[in-house]
Each structure stands twice: as C-alpha cells, then as structure tokens.
K.L.:
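Quick one: the structure is below, questions incoming.
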Amino acid sequence: MNIELSLKSAIKQALSALFQIEEEVVLQPTKSDFEGNYTYVVFPLVKQLRKSPVDIANAIAEYLKTNTTYIKSYNVVQGFLNLVLADEVWFDVLNGILADKNFGVLPKNNQSVMVEYSSPNTNKPLHLGHLRNNFLGSSVAKIVEANGYEVVKTCLVNDRGVHICKSMWAYQQFGNGETPESSGLKGDHLAGKYYVIFDKHYKSEMATLIQGGMSEDEAKKNAPAIKAVQEMLIKWEQGDEETVALWRKMNDWVFAGFNETYQKIGVSFDKTYYESNTYLLGKDIVEEGLANGVFFKKENGSVWIDLKEEGLDEKLVLRADGTSVYITQDLGTTDLKFADYPISKAIWVVGNEQDYHFQVLFAIMKKLGRTYADGCYHLSYGMVELPEGKMKSREGTVVDADDLVAEMIETASSSTSERSKIDGFTQEEANQLFQQIALGALKYFLLKVEPKKKMLFNPAESIDFQGNTGPFIQYTHARICSILRKAASQGIVLDEKVKPVAIEKTEAELIFVLSDYPAAVKKAGDEYAPSVIANYCYELAKTFNHYYSQVSIMNEPDGEIQKFRLALIKLVSETIRKATALLGIEVPNRM
RNA sequence: GGAUCCGUAGCUCAGCUGGAUAGAGCAACAGAUUUCUAAUCUGUGGGUCGCAGGUUCGAAUCCUGCCGGGUUCACCA
C-alpha cells in the first residue's frame with residue numbers, strides 16, 4: 001500500500017464530509033522536532049472556512065481517527081496537523097514493499113530515450129571534467145531506465161579536425177616511431193603528449209615571428225606548424241593514404257586507452273558515433289531550410305537563420321565556401337539519431353559552456369518542424385574547478401582521470417588496511433574491494449552535487465571516506481550484511497511477510513525512508529539529477545546507522561521481533577544496493 | 001553590453017512546485033566500544049539564506065531591481 005496516497009484521499013474525504021469542499025491535499029513529512037510522521041497544513045483553508053486553524057485541524061484528525069485505521073495519535077500546533085501513523089500501517093507498508101519485486105522500478109512505458117555522454121576528443125586523455133560527464137551520463141541512463149524507459153547510451157567521438165591533426169603532425173615530426181608499447185604509455189596519453197609538444201613548438205614559432213616584427217594575430221596564422229596542420233587536415237579530407245593511415249594508427253591507440261579507462265570506471269555505450277563519419281551530415285538540412293524559407297542566404301553565399309524571435313540572434317549554419325560549421329554537423333547527427341532509433345527523447349550530457357549552442361540547435365529543429373524537437377534536452381553541468389580556478393592544460397593543472405583513479409585506489413587500500421576488517425580476503429578480493437571503495441568515493445563525490453552547479457575539487461585534500469561520502473554508504477551496506485551473515489549462520493530463515501509486533505520509533509522512521517525510494521527515483525528521472533539519488537542514499541544510510549546504534553538485532557530475545565528487524569534491515573541493504581547501482585556505485589558485503 | 005547559470009555556517013553542500021525554531025558533512029570541542037563492523041553514533045559552539053523592495057496569513061523558496069562570480073555571444077569545435 002502507498003500510505004501517503006491513502007492518507008491523502010482520506011483527508012480529502014474528511015474535507016468533503018466535514019466542510020463540503022474539494023481540495024487538493026498536500027502532505028509533508030513532519031519535522032523531526034515534532035511528534036508525527038506526516039503533517040497536513042491547514043492554513044490555506046482558514047479563510048475559506050472561517051474557522052480557526054486549530055479547530056479545522058482537530059476536526060480532520062478526529063474524522064480520520066473514527067473513520068480510518070491509519071492514525072495512532074495526533075497533535076495540532078498552530079495550523080499544523082501532525083499525524084502519527086498506527087503500527088499496523090507500518091507493517092502494511094513494509095509487507096507491501098517486500099512483496100514488490102520491482103520496488104523502485106517504474107513500469108515500462110514503451111518509450112525510448114537516447115543519452116549521449118562522454119564524447120571525448122581523440123587528442124588527449126580523459127580528465128576530471130570528463131569523469132563528471134561520464135558518471136553523470138551513465139547514471140542518468142540508469143535512472144531513466146528505472147523510470148520505465150528503454151535507453152540507448154551513445155558516445156559521439158570527436159576524432160577529426162584541426163586539433164587531431166595537431167597531435168598527428170607533432171608525432172610525425174618528433175615521434176621517432178614511438179608506440180604505446182615502446183614508450184610504456186597508454187595510447188591516449190601518448191597522443192596527448194604530442195598534442196602538448198605541438199603546442200610548445202607552435203608557441204615558440206610564434207614567439208620568433210613576433211620578435212621579427214609580426215603581430216600576434218598574424219603570427220598565429222602564419223606559423224609554419226599551424227600551416228602544416230591545416231594542410232594535413234585538407235589531405236585527410238581528401239583521403240590521402242599516408243595521412244589517413246597515421247590518423248587511423250593514432251586513433252586506434254587512443255581508443256585502446258579510452259576503453260581501458262571506461263572499463264576501469266565502469267562506463268559503457270550501446271552505440272558509438274564517430275565525427276569522421278558524421279561531419280559531412282547536415283548539408284542537406286541546410287538545403288531543406290533554404291527551400292522552405294527557414295534559412296536565408298547572404299550576398300557572400302553564407303547561410304543563416306534568424307532566431308531573434310526566439311530571443312537569440314542570427315546564426316550561421318553554412319560558411320560562404322559551402323563548408324560546415326559545428327552546428328551544421330549537429331543538425332545532421334540529431335536527425336541521424338532519431339532515424340537510427342525509435343526514440344522519443346534525446347539527452348545530451350554536455351558542459352554548460354555549450355548552453356547557447358544547444359538553445360540554438362533545438363530552436364532550429366523546432367523551426368524546421370522536427371516533431372522530436374520538444375523531446376530534446378541538454379543536460380548541462382558545471383565545471384569542476386580547482387582551488388586556484390579552472391583546470392588549464394597549458395599550465396599543467398589538469399587532473400588526469402587515470403592518475404586520479406589510481407590515487408583513489410591507493411588511498412582506499414591504505415585506509416582499509418588501517419581498519420583491517422577483511423582478514424581472509426585473497427589479494428584479488430582485496431584489490432576488488434579497494435577499487436569499489438575508490439570508485440564509490442569518486443563517483444559519489446562527483447554525483448552528489450546538482451549537475452548544473454560548478455564544483456570544487458581540491459587535490460591536496462584527498463576525497464573523504466567519512467561522513468556524506470560513498471564509502472559511508474558502502475560501509476552501511478557491509479554492516480547490514482554482517483548481521484545477515486550472522487543470522488544465516490544461526491539458521492534463521494526469514495518469512496516472506498512480516499508479522500506485526502511492537503515497533504520502535506526508529507523502525508518507523510526507517511520504513512518511512514524506505515517507502516520514499518520510488519518517489520526519489522521518479523524525481524531523479526524527472527530532473528535528470530543523480531544528486532537526488534545520492535542524497536536519498538545518504539539519508540537512508542544515516543537513518544539506518546542511527547537505528548543500529550539504538551537497537552540490537554541478534555541479541556533480541558523475541559524471535560518474531562528479531563525476524564521483523566532482520567527483514568527490515570535486509571530491505572534496507574537491498575535498497576541501498578539498488579539506489580547506489582543507479583549511481584554506478586557497487587556496494588561490498590564486507591569492508 | 002545582451003543572454004544564461006550560480007551566491008545558504010570557517011569550508012563543501014542539502015533544502016527551492018511557498019509552511020513550524022533554515023539542515024547535513026568536514027573542521028573545532030566534549031562524550032559513547034564487556035554488546036551485531038567506531039569508515040559508526042550522541043552532544044556543544046557556529047547563519048543579516050548576497051542586498052533592497054514586492055506578492056502572501058506565511059518567503060531561503062515566487063516576482064522586480066541591484067551587487068558579486070562563472071559561462072557564452074566566431075564563417076572555432
């Protein structure tokens with residue numbers, strides 16, 4: 001049973017019977033300073049009914065007491081009616097959850113959603129910002145799935161363009177045939193190395209030119225390195241064999257590196273799009289837009305759209321020379337996505353520096369009459385910043401993803417051995433645990449904050465394992481498992497249903513939080529916000545730990561009470577497992 | 001300058017479809033382990049919810065203006 005809904009309709013009935021009014025009923029959880037589980041605020045009725053808040057509240061409460069079995073007691077403070085639910089209600093709720101195999105998973109709605117995330121450039125390795133993107137994307141995919149949708153996880157790899165040619169050219173000039181094997185570097189790091197080398201070389205050429213009297217802008221355009229790179233890009237577009245072979249070789253290295261990282265951090269995709277295949281798309285859409293008057297052509301031949309009515313500006317969609325710009329491609333790939341899959345919605349997990357781009361993209365799609373335009377959503381997220389500000393690759397302040405994961409595993413290892421509760425673990429099991437804890441801490445850290453907010457990462461203080469953290473939640477799960485193991489070793493077998501017994505206040509609280517899980521899943525899905533799930537996990541774990549400190553389970557003499565408690569905490573552990581899974585976090589049975 | 005997002009305790013963040021005395025964690029201090037994992041629990045101190053108006057019985061929450069910060073406004077991606 002859903003107690004909140006039942007209670008709401010009972011109050012609705014009371015209002016109708018007592019005062020002959022039809023009113024939408026909103027309940028809220030009672031604040032912990034007051035006695036009660038749910039609170040109904042009667043202030044809004046006062047004017048209408050011309051009675052005192054206290055009288056109205058008392059009348060409703062009395063009605064509920066005589067006409068339903070939900071209420072154990074109540075109190076009225078000013079205009080707040082605080083309701084304490086009857087013990088049997090808690091058992092009904094608990095048994096309802098126990099019987100629901102799909103608790104917290106909404107029914108299938110026969111709709112599909114595409115979630116695009118990660119979308120790396122193949123010229124440098126992943127950094128902390130990419131981790132936030134990857135964790136957000138894969139978590140949102142899971143959350144949307146739990147909300148009843150089919151999900152297609154996609155990645156659009158930016159594997160072509162000037163920036164890719166930069167690392168290619170530098171490798172060609174200075175690489176001496178170096179390979180991941182010969183250098184011992186992961187392929188993505190190797191490519192990144194040459195990207196940095198290019199930048200240095202380019203800068204020094206510029207400096208020389210500027211010393212020779214050239215302006216900075218001209219030097220930027222005329223440095224031999226950048227000219228060589230532009231030539232290389234043209235060759236690539238013409239399909240020059242040597243260039244394409246180099247491109248293929250280096251990209252393969254990078255993909256191998258990325259795949260290693262993705263596997264380590266537990267991120268995957270159903271479909272990968274490559275810009276090298278899609279960058280020419282979109283030109284036919286430009287033709288379409290010109291034909292139906294949505295776009296217009298300027299004297300020099302460039303094509304534009306006027307979005308002033310949408311509060312935006314004029315926007316270029318095709319250069320005068322007929323080549324594509326960034327948005328041209330995106331018009332094409334968006335059409336492609338909706339043609340490739342029977343999806344009704346598409347989500348782009350992309351940083352907030354592209355807010356404007358997506359506003360424009362969606363506005364254009366709408367003007368072109370694409371019916372799917374309303375199902376497009378840009379999940380915009382804020383930067384991960386360091387104490388000294390933004391990460392800058394040029395200043396070497398970028399926090400590398402692989403390095404960070406390795407450090408976290410190291411920290412997890414040392415802090416586990418300090419506490420040492422894993423006697424009997426094989427080395428392999430221990431390593432697996434360290435990785436679970438490390439990634440749990442990292443993922444939780446990056447997901448607990450609302451996506452659109454920027455966040456601060458301080459490399460000097462390693463990510464916490466105590467308090468509002470992933471390991472705290474993992475620990476809570478391990479603690480419960482420990483009790484359940486003890487119960488199993490004593491041969492205690494749980495029934496499918498729980499028999500009503502005397503119930504502690506902390507137990508009612510725990511059931512209350514448990515019953516709120518589906519609402520958290522729904523809210524997280526509606527808002528595309530893993531932070532909602534993270535906060536829920538913390539709330540549940542905290543409530544359990546409080547309970548744990550107050551009530552003993554294995555020392556409880558009454559067998560029925562003990563069984564009830566075991567069923568309750570088992571449900572808590574399962575809910576923690578399900579909820580953390582939505583964040584991509586694994587929970588160990590021991591730690 | 002236009003657009004947009006953010007501003008809550010020393011720090012990091014919840015709360016934001018309006019409700020009671022604004023909550024957590026970290027840090028500080030004081031406690032709890034003969035008892036199921038102390039990566040835990042309990043308590044203390046710490047706040048003009050950026051500022052000023054407005055709407056309302058009631059505003060951290062909604063509206064307006066201002067202040068501070070980020071992002072963006074390329075025939076780059």
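A note on names: the letters A, B, ... follow the listed sequences, proteins ahead of strands, and every chain is numbered from 1.
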K.L.:
Restricting both atoms to N or O, compile the protein contacts to nucleotides 31-34 of chain B shorter than 3.5 Å, with distance only.
P.N.:
none

K.L.:
Using the benzene-type ring in the case of Trp, are the ring centres of A/Phe80 and A/Phe43 under 6.0 Å apart?
P.N.:
yes

K.L.:
Check whether NZ of the Lys or CZ of the Arg A/Arg479 lies under 6.0 Å from the centre of the six-membered ring of A/Tyr548 and within 45 degrees of that ring's axis.
P.N.:
yes

K.L.:
Give a yes or no answer on whether the side chain of A/Trp348 reaches the backbone of A/Ser380 with a donor-acceptor pair at less than 3.5 Å.
P.N.:
no

K.L.:
For a side chain to side chain contact (heavy atoms under 4.5 Å, CB included) with A/Arg577, tell me which candidate from A/Asn589, A/Val572, A/Ile480, A/Ile585 qualifies.
P.N.:
A/Asn589

K.L.:
Using atom names, set out every protein N or O paired with an N or O of nucleotides 24-26 of chain B below 3.5 Å, distance rounded to 0.1 Å.
P.N.:
from: B/A24; atom 1: O2'; to: A/Tyr538; atom 2: OH; distance (Å): 2.8
from: B/G25; atom 1: O2'; to: A/Asn468; atom 2: N; distance (Å): 3.3

K.L.:
Please report the distance, rounded to the nearest Å, between CD in A/Gln354 and C1' in B/A74.
P.N.:
14 Å

K.L.:
Specify the separation, in whole Å, of atom CD1 of A/Ile561 and atom C1' of B/C36.
P.N.:
17 Å

K.L.:
Could you go through nucleotides 42-47 of chain B and list every protein N or O atom that sits under 3.5 Å from one of its N or O atoms, giving the distance for each pair?
P.N.:
from: B/U42; atom 1: OP1; to: A/His546; atom 2: ND1; distance (Å): 2.9

K.L.:
Can you give the dot-bracket line for RNA chain B, using ( ) for pairs inside the strand, [ ] for pairs that cross earlier ones, | for pairs with another strand and . for unpaired bases, where Watson-Crick and G-U count if both distances are under 3.5 Å?
P.N.:
(((((((..((((.....[...)))).(((((.......))))).....(((((..]....))))))))))))....

K.L.:
Applying ring-ring contact (aromatic ring centres under 6.0 Å, His included), can you list everything that pairs with A/Phe434, at least two apart in sequence or on another chain?
P.N.:
none

K.L.:
Listed by chain and number, what are the side-chain hydrogen bond (donor to acceptor under 3.5 Å, both in side chains) partners of A/Tyr74, not counting sequence neighbours?
P.N.:
A/Glu62

K.L.:
Which residues, if any, of residues 409-419 of chain A bring a heavy atom under 4.0 Å of RNA chain B?
P.N.:
A/Ser415, A/Thr416, A/Arg419

K.L.:
Using atom CD of A/Gln562 as one end and atom C1' of B/C36 as the other, report the distance to the nearest whole Å.
P.N.:
10 Å

K.L.:
Using only side-chain N and O atoms of A/Arg590, determine if any of them is under 4.0 Å from OP1 or OP2 of B/A39.
P.N.:
no

K.L.:
Does OP1 or OP2 of B/C36 have a side-chain N or O of A/Arg485 closer than 4.0 Å?
P.N.:
no

K.L.:
Which nucleotide wins on minimum distance to the side chain of A/Lys390, given the candidates B/U71, B/C5, B/U37?
P.N.:
B/U71

K.L.:
When you get a sec, tell me which of B/C41, B/A38, B/G70 is the closest nucleotide to the side chain of A/Glu385?
P.N.:
B/G70

K.L.:
On the nucleotide B/C76, are OP1 or OP2 found under 4.0 Å from the side-chain N or O atoms that A/Arg319 carries?
P.N.:
yes

K.L.:
Measure CG/A/Leu312 against P/B/G2 and give the value in whole Å, please.
P.N.:
16 Å

K.L.:
Within this structure, what is the OH-to-C1' distance between A/Tyr547 and B/U35, rounded to whole angstrom?
P.N.:
15 Å

K.L.:
For A/Arg565, what residues pass the salt bridge (charged side-chain N to carboxylate O under 4.0 Å, His left out) criterion, not counting sequence neighbours?
P.N.:
A/Glu504, A/Glu507, A/Glu556

K.L.:
B/A14 phosphate, OP1 or OP2: any side-chain N/O from A/Tyr536 under 4.0 angstrom?
P.N.:
no

K.L.:
Whole-Å distance between B/A3 P and A/Asp355 CG?
P.N.:
15 Å

K.L.:
Run the side-chain donor-acceptor check on residues 31-39 of chain A: report pairs under 3.5 Å with partners two or more places apart or on a different chain.
P.N.:
from: A/Asn37; atom 1: OD1; to: A/Leu85; atom 2: N; distance (Å): 2.8
from: A/Thr39; atom 1: OG1; to: A/Thr30; atom 2: OG1; distance (Å): 2.7
from: A/Thr39; atom 1: OG1; to: A/Asn82; atom 2: OD1; distance (Å): 2.7

K.L.:
Would you say that A/Arg132 contacts A/Val449 through its side chain, given a criterion of any heavy-atom pair below 4.5 Å between the two side chains?
P.N.:
yes

K.L.:
Nearest nucleotide by nearest heavy atom, which residue falls closer to the 5' end of RNA chain B, A/Tyr326 or A/Asn545?
P.N.:
A/Asn545

K.L.:
To the nearest angstrom, how far is A/Lys221 atom NZ from B/A74 atom P?
P.N.:
16 Å

K.L.:
Check RNA chain B against residues 551-558 of chain A and give the residues with a non-hydrogen atom under 4.0 Å, in numerical order.
P.N.:
A/Val551, A/Ser552, A/Ile553, A/Met554, A/Asn555

K.L.:
Please report the distance, rounded to the nearest Å, between CG in A/Leu233 and P in B/C76.
P.N.:
12 Å

K.L.:
For A/Lys570, is there an ion pair with A/Glu574 - N to carboxylate O distance below 4.0 angstrom?
P.N.:
yes

K.L.:
Are there any protein N/O atoms within less than 3.5 Å of an N/O atom in nucleotides 15-21 of chain B, and if so, which ones and at what distance?
P.N.:
from: B/A20; atom 1: N6; to: A/Thr39; atom 2: OG1; distance (Å): 2.9
from: B/A20; atom 1: N6; to: A/Asn82; atom 2: OD1; distance (Å): 2.9
from: B/A20; atom 1: N1; to: A/Asn82; atom 2: OD1; distance (Å): 3.2
from: B/A20; atom 1: N1; to: A/Asn82; atom 2: ND2; distance (Å): 3.2

K.L.:
Show me the side-chain donor-acceptor pairs of residues 455-470 of chain A shorter than 3.5 Å, one per line, residues at least two apart or across chains.
P.N.:
from: A/Asn458; atom 1: OD1; to: A/Ala460; atom 2: N; distance (Å): 3.0
from: A/Asn458; atom 1: ND2; to: A/Glu461; atom 2: OE2; distance (Å): 3.3
from: A/Asn468; atom 1: OD1; to: A/Tyr444; atom 2: OH; distance (Å): 2.5
from: A/Thr469; atom 1: OG1; to: A/Phe465; atom 2: O; distance (Å): 3.3
from: A/Thr469; atom 1: OG1; to: A/Phe472; atom 2: N; distance (Å): 3.2

K.L.:
Is the terminal nitrogen or CZ of A/Arg160 (NZ for Lys, CZ for Arg) located under 6.0 angstrom from the six-membered ring centre of A/Tyr279 and within 45° of that ring's axis?
P.N.:
yes

K.L.:
Should the pair A/Lys298 and A/Trp304 be classed as cation-pi, given the thresholds of under 6.0 Å to the six-membered ring centre and 45° from the axis?
P.N.:
yes

K.L.:
Do the side-chain N or O atoms of A/Tyr475 get closer than 4.0 angstrom to the phosphate oxygens (OP1, OP2) of B/A39?
P.N.:
yes

